[in-house]
Each structure stands twice: as C-alpha cells, then as structure tokens.
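Beneath this line is the structure, given in structure tokens, with notes to follow.
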Amino acid sequence: MSGQPAGLHTLGVGTDGPRIAFLHGLFGQGRNWTQVAKALAGPAGTEARALLLDLPDHGRSPWSAEFSYRAYADAVAATLEATAPGEQWVVVGHSLGGKVSMVLTLTHPELVASLVVVDIAPKGYGSLDRFTGYIDEMRALPLGELTSRADAEARFRETDPGVKAFLLQNLRRSGTEWSWQANLDLVRADAERGPGSLIAGFPDLHGASWDGPVVWLAGAESEYVRDDDVPAMRALFPRTRLVRVRRAAHWVHTDAPEVVVETLRRVLRAVDQGPAA
C-alpha cells in the first residue's frame, strides 16, 4: 500500500504485527529501506507492519521553505498518527533520519515504543562541506538536455558508482521533463551557512529526555559516532544500548543487512511482548 497521510509520501510493507517506521538520510528516500522492511514483515507479511516515509524535501513528499528538525519531526508525527491513530511505533532513523527520529521521540514520546538510531549522534557536525560537491554535481546536470536515464548517467560527473546510483535515484522524469525530487536549493542554502548549518547541527531541546528503550547502531568503520558521543546520547536517552557493527561504514543497513534485520527483529519482539517480558 502507499499513500500520503498528513502530506508525507509513504510506502507500507506488511499487513500485521508491531508497527515500525523507517526514516532515511539526506538525499535518500523511504524505499531505501524496502529490503529490510520485507525481511521483517516475513514471507506472509504478518510479522511486522513497516512504514517507509519520504521526509520533507525528499522523494515524493512536499518541499519546505526552510529546514527545521522540529518541523520534520512534526510532519513525521502527523503521518504516524494519521496512519495508526493511538498506536505506538518502533522508529528507525539513519543519518539525517536518525536525528529526526531522536527529535520525534523527544517531542512526541507518546508515539514511540522503541527507538533505533543508525550511525548518527545528537551533535553538530560542523558544516555540510562533505555534501556540497554532491549538491553542485546534481545542480550542474543539464536537465533540459537529457534524452534518457542512460544519458543522465553518462553526463553525471560522480565517479563512485554507488554514490552515483544513490544520488540519481532523486532524478524523476515526467513526460519529457526531468526534475530533482530532492529540494537542492534548500540544502544548498543550508550548506552556505557553513558551521551554522541547521542540517549538520542538532536542535536545543531544553533538557528533554526519554526513558524508553534505545538501540544505537554504529558502523565500526564509520567516523560519525565516536566514543565521546555516548554521554550526550545517554543524557537524552538513558536506556541507550550502543552496538558497533563490524565491517560496516555509515550505511550500516547496506553493509550489514543481516545484522540490522536481526537487531530489529529483537526490538520488535520486545515491543510485541510488552513491558512485562
């Protein structure tokens, strides 16, 4: 099933079981989590009900005038509430989506049964410098001249095949017109803030904390989560359990899908059994 409750585009996987929502990273889309969601739902689709969301300014969801983690979290909250009124969710967020999932949990705790944060910390990362090259490559693609997706792939300057495929998933064709689904102008404007980038930062939530269960999955070969980030995470989420995944970099769910799926199965079982388990 698919739809746009509360304005955000979603894709549903599974028909029964505990509910789990997936939030993607910058320039990603909900469908990046499809294989993990299908594995969790099981062959009959009855072991979990997954909702894969396109965050604002991404995929098929509406664009924003300005970036705000709180606004993103509010949009996700409205979507979850509209999808299953009064129910709670296991919320999984990677990178940008991980920060959104943390803010969602702290500002809409009634919606969250358990939180899984994938390879991101509740801190500022300085700037979006690491992404400006990608943004410039995407903006430089001459959309009005493209004749096919193969033509777009040939013209796109990115040399890493995996990065190229990931970024080009944002390219959409409607008739003879090509466009980017990601809001490149918004991300570029935020990148121009330098160390004041809101996307690279993390909002001040004025001492909020949440005492529910949290699994923090970090790639052992990634530098996004350091040992000195643990106190900040536990200040917000005292029941955090940090798991470093071997042979995984920032894209933990791509590098080690079996580990991620098994971890999420355990989280879902704990939620399904309830607090007395």
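Being a predicted model, the structure only gives us computed values, none of them experimental. Starting from 1, each residue takes its place in the sequence as its number.
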**Message:** Just to verify, which of H9, R172, H58 counts as forming a side-chain hydrogen bond (donor to acceptor under 3.5 Å, both in side chains) with Q181?
**Reply:** R172
Can [X] and [Y] be counted as an ion pair, charged N to O under 4.0 angstrom?
| X | Y | result |
| --- | --- | --- |
| R157 | E137 | no |
| R139 | D185 | yes |
| E221 | R246 | no |
| E262 | R269 | yes |

Separation between [atom1] of [X] and [atom2] of [Y], rounded to the nearest 0.5 Å:
| X | Y | atom1 | atom2 | answer |
| --- | --- | --- | --- | --- |
| R19 | T83 | CZ | OG1 | 7.5 Å |
| M102 | T105 | CE | OG1 | 9.0 Å |
| L115 | L104 | CG | CG | 8.5 Å |
| N183 | N170 | CG | CG | 11.0 Å |
| T10 | R60 | OG1 | CZ | 12.0 Å |
| W178 | E145 | CH2 | CD | 13.5 Å |

Nearest heavy-atom neighbours spanning [X] and [Y]:
| X | Y | value |
| --- | --- | --- |
| Y72 | P56 | OH-O, 2.9 Å |
| D190 | A200 | OD2-N, 4.4 Å |
| L80 | A21 | CD2-CB, 3.8 Å |
| G98 | S101 | O-OG, 2.7 Å |
| W63 | A182 | CZ2-O, 3.5 Å |
| V252 | G219 | CG2-N, 3.6 Å |

Under 3.5 Å: donor-acceptor pair, side chain of [X], backbone of [Y]:
| X | Y | result |
| --- | --- | --- |
| D57 | S64 | yes |
| K99 | G201 | yes |
| D229 | R226 | yes |
| R149 | L168 | yes |
| S61 | D54 | yes |
| Q169 | F166 | yes |
| D151 | T147 | yes |
| S197 | A191 | no |
| Y134 | R130 | no |
| S174 | E177 | no |

**Item:** All side chain to side chain donor-acceptor pair (under 3.5 Å) counterparts of K164, not counting sequence neighbours
**Value:** none
I want to check something: taking the side chain as every heavy atom from C-beta on, are [X] and [Y] in contact at a cut-off of under 4.5 Å?
| X | Y | answer |
| --- | --- | --- |
| L186 | R188 | no |
| L146 | L171 | yes |
| V100 | V76 | yes |
| S95 | L26 | no |
| L51 | I20 | no |
| L40 | F22 | yes |
| V103 | L205 | yes |
| F131 | L128 | yes |

**Asked** Would you find more than 12 non-hydrogen atoms of other residues, nucleotides or ligands less than 6.0 Å from R241 atom CZ?
**Response** no
**Prompt:** Around atom NZ of K123, are there more than 12 heavy atoms of other residues, nucleotides or ligands at under 6.0 Å?
**Reply:** yes
**Message:** In terms of relative ring orientation, are W251 and H94 parallel, tilted or perpendicular, with 30° and 60° separating the classes?
**Reply:** tilted
**Asked** Taking the inter-plane angle between the rings of F67 and Y69 on a 0 to 90° scale, is it parallel (under 30°), tilted (30 to 60°) or perpendicular (over 60°)?
**Response** perpendicular
**Asked** Hey, mind stepping through V230 and M233 against side chain to side chain contact (heavy atoms under 4.5 Å, CB included) and telling me if it holds?
**Response** CA-CA 5 Å; V230 175; M233 188 72 171; 5.6 Å; no
**Message:** salt bridge (Lys or Arg N to Asp or Glu O under 4.0 Å), that's the test. Do R70 and D74 meet it? Break it down for me.
**Reply:** CA-CA 6 Å; R70 285 179 176 269; D74 287 346; over 6 Å; no
**Asked** Does the side chain to side chain contact (heavy atoms under 4.5 Å, CB included) test come out yes or no for L141 and W180, once each step is laid out?
**Response** CA-CA 10 Å; L141 191 66; W180 290 108; 3.7 Å; yes
**Item:** Pairwise side chain to side chain donor-acceptor pair (under 3.5 Å) hits with a residue in residues 110-121, at least two apart
**Value:** D119-S222, D119-H250
**Asked** Got a sec, which pairs hit side chain to side chain donor-acceptor pair (under 3.5 Å) with one end in residues 201-218, sequence neighbours left out?
**Response** none
**side chain to side chain contact (heavy atoms under 4.5 Å, CB included) between L106 and L236, intermediate numbers included** = CA-CA 8 Å; L106 293 167; L236 297 173; 4.1 Å; yes
**Message:** Are L143 and M138 connected into the same hydrophobic cluster when the rule is that any two of I, L, V, M, F, W, Y join if their side-chain heavy atoms are below 4.5 Å apart?
**Reply:** yes
**Request:** Check the hydrophobic clustering (I, L, V, M, F, W, Y; side-chain heavy atoms under 4.5 Å; chains of links allowed) and say if V243 and V118 are grouped together.
**Result:** yes
**Message:** Between H24 and W33, is the ring pair (Phe, Tyr, Trp, His ring centres under 6.0 Å) condition met? List the steps.
**Reply:** CA-CA 8 Å; H24 59 79; W33 284 95; 9.8 Å; no
**Request:** Determine, step by step, whether Y125 and F202 satisfy the ring pair (Phe, Tyr, Trp, His ring centres under 6.0 Å) criterion, reporting the C-alpha distance in whole Å, the side-chain angles of both residues, the deciding distance to 0.1 Å, and the verdict.
**Result:** CA-CA 9 Å; Y125 284 80; F202 191 77; 9.8 Å; no
**Item:** Working for side chain to side chain contact (heavy atoms under 4.5 Å, CB included), residues L217 and V117
**Value:** CA-CA 6 Å; L217 285 175; V117 178; over 6 Å; no
